[in-house]
Amino acid sequence: MSKPSLPQGTRDFNAATVQKRQFIFKTIQSVFETYGFQPLETPAMENLETLMGKYGEEGDKLIFKILNNGLDNPQKKQQTLEGLEKLFAGKTSTALTERALRYDLTIPFARYVAMNHGSLNFPFKRYQIQPVWRADRPQKGRYREFYQCDADVVGSESLLNEVDLVAVYLTAFQKLNLPVEVKINNRKILLALAQICGGEDKLIDLTIAIDKLDKIGWDKVKEELQNKKFSEAQQKIIQNYLTIEGNNTEKLKQLSILMGNNEVGLKGIEEINYVLDYHVQTGMDKHLVADFTLARGLNYYTGIIFEVKAIEAEMGSIGGGGRYNDLTSLFGVPNIAGVGISFGVDRIYDVMEEKNLFPSTIDQTTHILFFNLGEQETKAAYLQMMQLRDKKIACEIYPEKSKFDKQFKYAEKKGIPNVIIIGTEELAKNECTVKNIITGKQTTVSLSDLSNFEF
RNA sequence: GAGGGCGUAGCUCAGUAGGUUAGAGCGACAGUUUGUGGAUCUGUAGGUCGUGGGUUCGAGACCCAUCGUUCUCCCCA
């Protein structure tokens with residue numbers, strides 16, 4: 001038998017890690033609830049059909065597919081072989097795989113809304129905290145199983161939702177004590193740029209090239225634009241667009257000049273202005289950065305888009321989202337607008353761990369260890385322990401009669417601050433010895449007073 | 001999908017140009033101490049050097065393959 005191991009890109013979480021992760025989950029959850037979002041859970045697996053084609057070509061490749069059961073059935077051999085042929089032709093085949101693990105929380109949510117739109121109370125606000133899976137190659141800040149925390153509003157076109165979601169982001173990160181900036185852009189502006197550069201059909205090429213700017217620099221972007229048949233004049237426009245600098249007001253002003261009288265572009269600017277202006281009064285505008293190079297890979301976004309970046313941290317985005325105008329039409333239910341955001345818990349964890357931002361108070365462990373000093377003594381100790389547990393004090397008793405040395409070490413390693421010793425002498429006098437491991441202070445307490453003792 | 005780094009004891013690693021029986025620190029266990037720990041000292045256990053081939057008189061070291069892991073690019077949370 002070989003050594004046990006984990007699938008690539010997955011992890012076990014020990015007690016300390018779980019407690020820190022729970023801290024993040026609880027913080028985000030409580031903010032979601034404070035803003036009027038209600039929980040939803042969907043299955044780990046979806047029909048493959050539900051997921052395919054929603055995340056672009058790259059995304060489709062990264063979906064974890066589940067092999068059908070019963071493929072060894074001789075009666076279905078023909079079907080299975082045909083399925084394999086399709087597979088080698090680069091297509092998916094329901095003969096081989098009908099289900100897949102969810103890739104994000106947004107599409108399953110859209111599927112849910114499409115299935116239940118008749119009975120939902122619009123505008124419908126839901127939050128969802130569940131793992132997602134991607135068949136990506138793991139590296140720093142990238143796992144094959146990770147959690148997303150999503151909040152979405154559907155059935156409302158109001159920009160007030162965008163305003164509110166910005167506040168959700170900034171409130172949550174403030175509570176986590178993690179300094180961030182929220183980048184904001186608008187797909188309408190990118191669309192306008194594409195129009196100005198010769199056609200909407202260039203939007204995708206354009207966004208992909210723009211998205212790479214801060215990584216590969218302008219020269220490489222220019223090269224890529226050249227390859228995608230953008231003319232010199234168009235490249236010049238794009239360069240002007242990308243080199244817009246200054247504070248938010250200045251940037252937007254320059255952009256509006258560049259957009260000229262392009263209707264979509266001006267609308268996009270107006271929307272960003274609306275959100276920024278709204279947050280002047282909350283003071284949150286300080287953490288908002290208009291960034292016209294922000295593109296976001298998912299092409300279902302149609303309006304304002306967000307991305308959250310931890311300040312002074314070597315980490316990709318720790319959250320993202322935006323407005324999608326018609327996501328449910330993918331599932332046959334048109335005209336339900338929505339906007340949503342997502343938190344990447346695993347990356348948030350990594351950044352917080354790196355910067356040592358977890359409060360020390362979240363380590364939760366046993367409060368009192370009862371020593372095991374023999375059959376009679378332990379029985380008496382057990383009764384005392386149950387009384388303390390009734391008072392919600394976390395207690396445990398060492399299960400084996402062992403040397404003091406060993407029992408002390410156990411308490412110390414587990415971070416248990418108090419031990420209670422009931423030995424033959426104590427038992428005879430109906431007493432116990434309470435010892436605080438940290439201070440070393442030792443007190444004799446009568447058994448009848450123990451439940452009132454201040455630990 | 002493309003390209004690098006690394007796999008030696010439970011953990012962190014050393015192992016010099018290939019040369020006898022593969023080492024250290026920490027940890028674990030035991031004793032010093034059958035009811036007061038954290039220290040010191042002493043001792044004990046623990047390794048098919050990821051796996052499979054090859055080169056060589058001789059391989060932990062060199063070559064090939066393979067698996068695992070990690071990082072970068074692509075893409076993304």
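Reminder, nothing fancy here: chain letters follow the sequence lines and each chain counts from 1.
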Just to verify, what does [X] make a ring pair (Phe, Tyr, Trp, His ring centres under 6.0 Å) with, not counting sequence neighbours?
{"X": "F37(A)", "answer": "none"}
{"X": "Y147(A)", "answer": "F25(A)"}
{"X": "F408(A)", "answer": "F371(A)"}

Identify whether any heavy atom of [X] sits under 4.0 Å from a base atom; if not, whether one sits that close to sugar-phosphate; answer base, sugar-phosphate or nothing.
{"X": "L6(A)", "value": "sugar-phosphate"}
{"X": "G319(A)", "value": "sugar-phosphate"}
{"X": "Y143(A)", "value": "base"}

Whole-angstrom distance between [N] and [M], as gauged at atom [atom1]:
{"N": "rU69(B)", "M": "rU33(B)", "atom1": "C1'", "result": "45 Å"}
{"N": "rU8(B)", "M": "rC76(B)", "atom1": "C1'", "result": "36 Å"}
{"N": "rC13(B)", "M": "rA2(B)", "atom1": "C1'", "result": "32 Å"}
{"N": "rA22(B)", "M": "rG46(B)", "atom1": "P", "result": "14 Å"}
{"N": "rC26(B)", "M": "rC67(B)", "atom1": "C1'", "result": "30 Å"}
{"N": "rU66(B)", "M": "rG19(B)", "atom1": "P", "result": "29 Å"}
{"N": "rG15(B)", "M": "rA9(B)", "atom1": "C1'", "result": "14 Å"}
{"N": "rA39(B)", "M": "rU72(B)", "atom1": "P", "result": "39 Å"}

Will you find, in the side chains of R137(A) and Q139(A), an N or O donor that is under 3.5 Å from an N or O acceptor?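 Short answer, no.
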[X] [atom1] to [N] [atom2]: how many Å, rounded?
{"X": "R134(A)", "N": "rC74(B)", "atom1": "CZ", "atom2": "P", "result": "17 Å"}
{"X": "Y103(A)", "N": "rA77(B)", "atom1": "OH", "atom2": "P", "result": "7 Å"}
{"X": "R137(A)", "N": "rG68(B)", "atom1": "CZ", "atom2": "C1'", "result": "13 Å"}
{"X": "K140(A)", "N": "rA77(B)", "atom1": "NZ", "atom2": "P", "result": "18 Å"}
{"X": "D12(A)", "N": "rU69(B)", "atom1": "CG", "atom2": "P", "result": "13 Å"}
{"X": "K61(A)", "N": "rC76(B)", "atom1": "NZ", "atom2": "P", "result": "12 Å"}
{"X": "R144(A)", "N": "rU70(B)", "atom1": "CZ", "atom2": "P", "result": "11 Å"}
{"X": "K183(A)", "N": "rA77(B)", "atom1": "NZ", "atom2": "C1'", "result": "14 Å"}

Determine whether a donor-acceptor pair (one donor, one acceptor, N or O, separation below 3.5 Å) exists between the side chain of R347(A) and the base of rC76(B).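 Indeed there is one.
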Under 3.5 Å, is there an N or O donor on one side and an acceptor on the other linking the side chain of R142(A) and the base of rC75(B)?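 Check passes, donor-acceptor contact within cut-off.
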Between rA77(B), rU72(B), rA28(B), which nucleotide has the shortest distance from any of its atoms to the side chain of K413(A)?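 Of the candidates, rA28(B) comes closest.
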5'-most contact on RNA chain B: G9(A) or S342(A), nearest heavy atom basis?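 Nearest nucleotide further toward 5': that of G9(A).
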Is the aromatic ring centre of F146(A) closer than 5.5 Å to the centre of the six-membered base ring of rA77(B), with the two planes inclined by less than 30°?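 F146(A) ring centre within cut-off of rA77(B) base, planes near parallel; stacks.
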Does R21(A) come within less than 4.0 Å of D346(A), counting only side-chain N to carboxylate O?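 D346(A) and R21(A): salt-bridged.
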Taking salt bridge (Lys or Arg N to Asp or Glu O under 4.0 Å) as the definition, give me every residue that meets it alongside E377(A), ordered by chain and number, with sequence neighbours left out.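 E377(A): no salt bridge (Lys or Arg N to Asp or Glu O under 4.0 Å) contacts found.
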Nucleotide-resolved protein contact map, nucleotides 29-46 of chain B, B/S/- at heavy-atom distance under 4.0 Å: --S---BBBB--------
If a pair means Watson-Crick or G-U wobble with both distances below 3.5 Å, what does RNA chain B look like in dot-bracket form, with | marking bases paired to a different strand? (((((((..((((.....[...)))).((((.........)))).....(((((..]....))))))))))))....
Begin with the C-alpha distance, continue with both residues' side-chain angles, and end with the deciding distance and a verdict on side chain to side chain contact (heavy atoms under 4.5 Å, CB included) for E271(A) and E162(A). CA-CA 10 Å; E271(A) 289 178 2; E162(A) 274 87 336; 5.7 Å; no
Using modelled atom types only, decide if a donor and an acceptor are shared between the side chain of R134(A) and the backbone of R102(A) within a distance under 3.5 Å.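 Side chain of R134(A) to backbone of R102(A), a donor-acceptor pair under 3.5 Å: no, none is there.
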Whether [X] and [Y] hold their rings parallel, tilted or perpendicular, with breakpoints at 30° and 60°:
{"X": "Y127(A)", "Y": "F32(A)", "answer": "tilted"}
{"X": "Y410(A)", "Y": "Y398(A)", "answer": "perpendicular"}
{"X": "Y324(A)", "Y": "Y301(A)", "answer": "tilted"}

Does a side-chain N or O of Q148(A) approach OP1 or OP2 of rA77(B) to a distance below 4.0 Å, or not?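 So the side-chain polar atoms of Q148(A) never come under 4.0 Å of the phosphate oxygens OP1 or OP2 of rA77(B).
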